[in-house]
Amino acid sequence: MDLKLFNTMGRELQTFKPVQPNKVGIYACGPTVYNNAHVGNLRTFIMVDILRRVMELAGYEVKLVMNITDVGHLSSDADDGEDKMEASAREKKMTVWDIAEYYTKAFFDDTSSLNIIKPSVTCKATDHIDSMINLVKRLEEKGFTYEAGGNVYFDISKFPDYGKLAKLNLDDLQAGSRIVVDKYKKNPHDFVLWFTQSKYENHAMLWDSPWGKGYPGWHIECSAMSMEYLGDTFDIHCGGIDLIPVHHTNEIAQSEAATGVKWVNYWVHGEFLVTPKGKMSKSTGDFMTIKGLIEQGFDPLDYRYFCLTGHYSSQLQFSLDAMESAQNARKSLMQKIQTMREKTGGFPQGFNGDLSAHYNSFVENAMNNLNMPRCLGDMWNLIRDDSISDEEKLYTIKKMDAVFGLSLDKEPVKLDLDGEIQKLVDDRTTARKNKDWARADEIRDKLLDMGIVLEDTPQGVRWKKK
RNA sequence: GGCGCCGUACCCAAGUGGUAAGGGAGAGGUCUGCAAAACCUUUAUGCACCGGUUCGAAUCCGGUCGGCGCCUCCA
């Protein structure tokens with residue numbers, strides 16, 4: 001079956017054709033590690049994770065490369081503002097290097113709590129400065145650059161297709177409508193490849209280069225590292241939708257100018273997580289983190305489930321109500337699975353015969369531009385279908401979960417009831433046998449206060465944490 | 001000013017020409033000593049509004065209203 005993806009380049013649904021048979025190379029723009037990621041950032045990484053899992057479902061061997069932006073990026077324009085990482089470091093009295101490491105770890109803690117599979121290659125920008133310098137040199141040799149005011153700029157007038165991805169119409173853009181244009185630029189859309197001039201003093205991250213001591217421009221790391229690990233032309237580049245007009249546009253220009261060949265075949269962009277006030281962002285203070293969700297009583301996987309209920313290419317409305325709805329749905333899902341595995345003795349190792357139409361529909365929907373909301377619907381329809389045995393359901397669910405990544409086969413946490421609680425449960429069972437309902441209900445209420453919920457099933461009493 | 005997206009039930013959300021997936025919440029019921037859980041049933045003659053194209057439109061076209069994003073680093 002063909003896998004179809006919406007390619008931002010061309011803005012249409014296209015059948016995926018790999019550069020190399022049965023293999024797929026994916027580059028994902030990773031985090032800038034100067035702060036905790038918020039759940040909006042994380043939505044994009046869940047999307048990338050779904051993409052790689054669907055690729056695996058389709059039988060491809062996946063090589064996923066993700067960068068860690070640990071070189072400080074400016075908080076505003078080139079001639080203004082300070083390094084985000086330095087600002088953060090000063091606040092926390094740590095060196096920039098410490099803080100990068102700290103937030104890199106925090107990022108991977110978040111992603112692993114969301115069941116996001118680690119990329120095949122994770123590359124730090126600061127480990128690849130030489131590659132970036134070499135790339136800038138190549139651009140310089142080919143005449144795509146100029147030096148001004150101490151910095152090396154990319155000259156977009158030398159690259160005819162500039163802005164194609166974003167469908168930019170350079171004449172109509174109000175350059176500088178919100179910021180002051182760098183006076184050294186020949187064209188407002190030219191961008192810096194290498195900085196030696198920085199407005200702020202004592203920049204902590206500096207490297208020697210042919211143009212002087214300095215640091216790389218914002219976009220060069222992704223071009224340098226993606227080509228280093230995936231080759232001059234690779235299959236898929238993904239990231240958030242906000243990266244289209246500037247970051248990815250500039251990456252394409254510098255990459256293709258350097259190699260002279262097409263750089264990326266498919267561009268996949270994830271839409272924003274939004275709140276009633278607009279997009280979730282750190283700068284407005286209107287954001288939520290994984291830690292925050294946990295404090296609100298959610299499991300990170302509730303958030304993953306929530307993300308799967310919306311299509312990656314559409315904005316998704318974040319709210320605590322929506323989170324609660326996802327939490328309830330996931331709880332109920334786990335409960336149904338638990339009931340089935342208790343009845344059948346667990347997930348079967350294999351299954352003889354063809355799987356139901358629900359599974360076929362699931363695969364079709366996954367292959368159709370990663371339509372997870374539909375896939376989730378397929379799973380619910382499967383669970384509800386009386387004509388299918390519990391064994392087949394469990395087997396199918398496990399296969400589906402390879403894409404969902406919801407740990408649906410996870411054993412529920414067995415509570416170690418301490419002696420006192422166990423005694424209460426036993427007392428209640430005795431009371432019920434003697435039809436002493438008042439006593440039984442009294443014990444049930446007491447346990448509820450202790451956070452233990454009881455369920456009476458034909459197989460006996462079952463308990464779980466509230 | 002330019003580019004782009006969106007408006008589907010109480011809430012979240014699929015569906016982009018063939019007669020409205022799924023989940024949550026609510027309601028009714030079965031079961032149960034009662035609860036809980038589970039299971040069943042139920043909730044949009046209509047998809048912002050007004051026109052048009054079509055045998056047929058939530059889906060295509062034009063317009064109106066409303067919301068949002070980008071043009072600055074941003075997932």
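Per chain, numbering begins at 1; letters A, B, ... match sequence-line order. Values below: all heavy atoms of this structure, side chains included; hydrogens, waters and symmetry mates excluded.
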Expressed in whole Å, how much space separates the [atom1] atoms belonging to [N] and [M]?
N      : M      : atom1 : answer
B:rG1  : B:rU8  : P     : 27 Å
B:rC50 : B:rU43 : P     : 25 Å
B:rG67 : B:rC49 : C1'   : 15 Å
B:rC68 : B:rG62 : C1'   : 23 Å
B:rC60 : B:rU30 : C1'   : 48 Å
B:rA57 : B:rG18 : P     : 12 Å
B:rG17 : B:rG24 : C1'   : 31 Å
B:rU64 : B:rG46 : P     : 26 Å

Could [X] and [Y] be called an ion pair, given the rule that one side-chain N must be under 4.0 Å from one carboxylate O?
X        : Y        : result
A:Asp401 : A:Lys410 : no
A:Asp449 : A:Lys446 : no
A:Asp49  : A:Arg53  : yes

Sorted by chain and residue number, the side-chain contact (heavy atoms from CB on, under 4.5 Å) partners of A:Asp299 (sequence neighbours excluded) come out as A:Leu301, A:Asp302, A:Arg330
Sorted by chain and residue number, the side-chain contact (heavy atoms from CB on, under 4.5 Å) partners of A:Leu316 (sequence neighbours excluded) come out as A:Arg43, A:Leu273, A:Phe306
Which label fits A:Phe195 and A:Trp218: parallel for a plane angle under 30°, tilted from 30 to 60°, or perpendicular past 60°? tilted
* What is the ring orientation for A:His247 with A:His219, classed by angle as parallel under 30°, tilted 30 to 60°, or perpendicular over 60°? -> tilted
By nearest-heavy-atom nucleotide on RNA chain B, the more 5' of A:Leu316 and A:Phe45 is A:Leu316
Per nearest nucleotide of RNA chain B, the residue lying toward the 5' end, A:Ser314 or A:Asn250, is A:Ser314
For atom [atom1] of [X] and atom [atom2] of [N], their distance in whole Å:
X        : N      : atom1 : atom2 : answer
A:Lys279 : B:rG4  : NZ    : C1'   : 14 Å
A:Glu271 : B:rC5  : CD    : P     : 10 Å
A:Ile383 : B:rA38 : CD1   : P     : 12 Å
A:Glu251 : B:rC74 : CD    : C1'   : 13 Å
A:Leu454 : B:rC34 : CG    : P     : 17 Å
A:Arg428 : B:rA36 : CZ    : P     : 13 Å
A:Asp436 : B:rC34 : CG    : P     : 16 Å
A:Gln327 : B:rC12 : CD    : P     : 18 Å

Categorize [X] for me: base, sugar-phosphate, or nothing, with a 4.0 angstrom heavy-atom threshold over every strand shown.
X        : value
A:Val274 : nothing
A:Gly40  : base
A:His311 : sugar-phosphate
A:Met47  : nothing
A:Leu243 : sugar-phosphate

[options]: which one has an atom nearest the side-chain heavy atoms of [X]?
X        : options                : value
A:Gln317 : B:rA75, B:rC12, B:rG33 : B:rC12
A:Gln315 : B:rA38, B:rC12, B:rG69 : B:rG69
A:Phe306 : B:rC12, B:rC70, B:rC74 : B:rC12
A:Ala440 : B:rC12, B:rG33, B:rA37 : B:rG33
A:Leu273 : B:rA13, B:rA75, B:rA38 : B:rA75

Contact string for nucleotides 19-26 of chain B, one letter per nucleotide 5' to 3', B = base within protein heavy-atom range under 4.0 Å, S = sugar-phosphate only, - = neither, reads --BSBSS-
Does a distance-only test, which skips hydrogens and angles, find a donor-acceptor pair under 3.5 Å between the side chain of A:Arg444 and the base of B:rA36?
no
Taking Watson-Crick and G-U wobble contacts under 3.5 angstrom, with | marking pairs to another strand and [ ] crossing pairs, the secondary structure of RNA chain B is written ((((((((.[[[..)..(...]]].(((((.......))))).....[[[[[..)....]]]]])))))))....
Rounding to 0.5 Å, atoms CZ (A:Phe318) and CE (A:Met323) come to a distance of 6.0 Å
Here the pair of heavy atoms bringing A:Ser332 nearest to A:Trp380 is OG-CH2, 3.9 Å
Of A:Lys343, A:Lys336, A:Arg341, the one forming a salt bridge (Lys or Arg N to Asp or Glu O under 4.0 Å) with A:Asp390 is A:Lys343
Look at A:Asn371 and B:rG15 and indicate whether a side-chain polar atom (N or O) is within less than 4.0 Å of OP1 or OP2.
yes
Sorted by chain and residue number, the side chain to side chain donor-acceptor pair (under 3.5 Å) partners of A:Tyr312 (sequence neighbours excluded) come out as A:Asn369
Enumerate, atom names and distances included, each donor-acceptor pair closer than 3.5 Å involving a side-chain atom of residues 235-243 of chain A, sequence neighbours excluded.
from     : atom 1 : to       : atom 2 : distance (Å)
A:Asp235 : OD1    : A:Val19  : N      : 2.7
A:Asp235 : OD2    : A:Gly25  : N      : 2.8
A:His237 : NE2    : A:His248 : NE2    : 3.4

